[in-house]
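Below is one structure, written out as structure tokens; the observations come after it.
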Amino acid sequence: MPIDAAKAIAAEPRSAEISWDHKDIQLYHLGLGAGVPATDPDELRYTLESRLHVLPSFATVAGAGTAVVGGLSAPGIDIDLAAVLHGGQTVTVHRPIPVGGRAVSTSRVAAVYDKGKAAVLVLRSEAADDDGPLWTSDSQIFVRGEGGWGGDRGPSARTELPDRAPDRTVERAIREEQALLYRLSGDWNPLHADPEFAKLAGFDRPILHGLCTYGMTLKAVVDTLLGGDVARVRSYRTRFAGVVFPGETLRIRMWAGDGHVQVSVTAAERDDAPVLADTVVEHA
Ligand SMILES: CCCCCCC[C@@H](O)CC(=O)SCCNC(=O)CCNC(=O)[C@H](O)C(C)(C)COP(=O)(O)OP(=O)(O)OC[C@H]1O[C@@H](n2cnc3c(N)ncnc32)[C@H](O)[C@@H]1OP(=O)(O)O
């Protein structure tokens, strides 16, 4: 069996030293479409080294090098990359991420769920430096065709959106070449760049990284409702509900709550097809 849930969960956590500097932050932010307009002081916070602040979603690529897709190979897990879709993501930051840093990241398979037609892997990584914990990241990986072994189905809770009009709605255009730029931050999955591989995976053309949409959405929430202050973000979770193609426009609806923002993201040109669901940013 390509996924041996018991073996995957029992495997020793893997630790790696990671490091990043301002260039990694700038590249990541540019891959999210930051820096337009280029001289806007609000955008310079994301692009100019002397004013840099770090979006907490950077935790998903920090120190990745070429490792994001490599993170899918672990004891008990032998899966075809073409069957993999990113299903969901949660990041909790224990304090603001510094512009440059060195940390130890410890990763393990926290859960494996059997969804019948698919398996869902929950990969947890925790990063800490000399001053203590920095962030915890949970990636839910949806592996098509790998379910059906009679395992635990796992949770299926959904977050209801408030029954009122959104407090704010913004649109964010995705550039045609955005996935090509975003992948330089470490997720080299050919699904996002190689048309032949995308066809193998069942798509007419390369799709955008889920984590690119994830970062673009967090930036939109921070810029629109949190006064541009990345340090206010405590945690951020989402479910990837539908694919996005480079060149499309994200429609991002936000509902402000008490210490949190609920968000829905749709594809504007495709009749508001769902893109992100169950999305909550918790903040100070
Ligand atoms: C270390 C980190 C490494 C990370 C690297 C990852 C590599 C990246 O390069 C890959 C990517 O970025 S791929 C791009 C981003 N992801 C996507 O575009 C996926 C979009 N979503 C879909 O297509 C469908 O929702 C789809 C296909 C996901 C599900 O749709 P359906 O098949 O129609 O499922 P459905 O019938 O609605 O539900 C079946 C059961 O599965 C659960 N489920 C549904 N969506 C889920 C999701 N997104 N994540 C986790 N579980 C999910 C449902 O709850 C259901 O289970 P249950 O019946 O128990 O409730």
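When a ligand or atom number is given, it counts from 1 through the structure's own listing order.
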Would you kindly specify which portion of [X] sits under 4.0 Å from ligand 1, judged on non-hydrogen atoms: side chain, backbone, both or neither?
| X | result |
| --- | --- |
| F142 | side chain |
| T213 | neither |
| Q89 | neither |
| H192 | side chain |
| L208 | backbone |
| R239 | side chain |
| A241 | backbone |
| V243 | both |

For [X] and [Y], which I'm curious about, is there any donor-acceptor pair between the side chains at under 3.5 Å?
| X | Y | result |
| --- | --- | --- |
| S137 | Q89 | yes |
| T92 | S235 | no |
| D138 | T90 | no |
| D223 | Y46 | yes |

Under 4.0 Å from a heavy atom of [X]: which atoms of ligand 1 are those, numbered in the order shown and with their elements?
| X | result |
| --- | --- |
| I207 | 14 (C) |
| S139 | 2 (C) |
| D187 | 7 (C), 8 (C), 9 (O) |
| G210 | 12 (O), 14 (C), 15 (C) |
| R153 | 56 (O), 57 (P), 58 (O), 59 (O) |

Is it the case that ligand 1 has an N or O less than 3.5 angstrom from some N or O of [X]?
| X | answer |
| --- | --- |
| L191 | no |
| F240 | yes |
| I141 | no |

In one Ile/Leu/Val/Met/Phe/Trp/Tyr side-chain cluster, 4.5 Å: V170, V280: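 No; V280 is not reachable from V170 via cluster members.
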Single-linkage hydrophobic cluster, 4.5 Å side-chain cutoff, L211 and L134 together: yes
Exam field: side chain H29 to backbone L27, donor-acceptor pair closer than 3.5 Å: no
Check: E146 side chain, D114 main-chain N or O, donor-acceptor pair, under 3.5 Å: no
With S57, the side-chain hydrogen bond (donor to acceptor under 3.5 Å, both in side chains) member among Y214, Y28, Y236: Y28
From R102 atom CZ to I18 atom CD1, the distance as rounded to the nearest 0.5 Å: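 Those atoms lie 10.5 Å apart.
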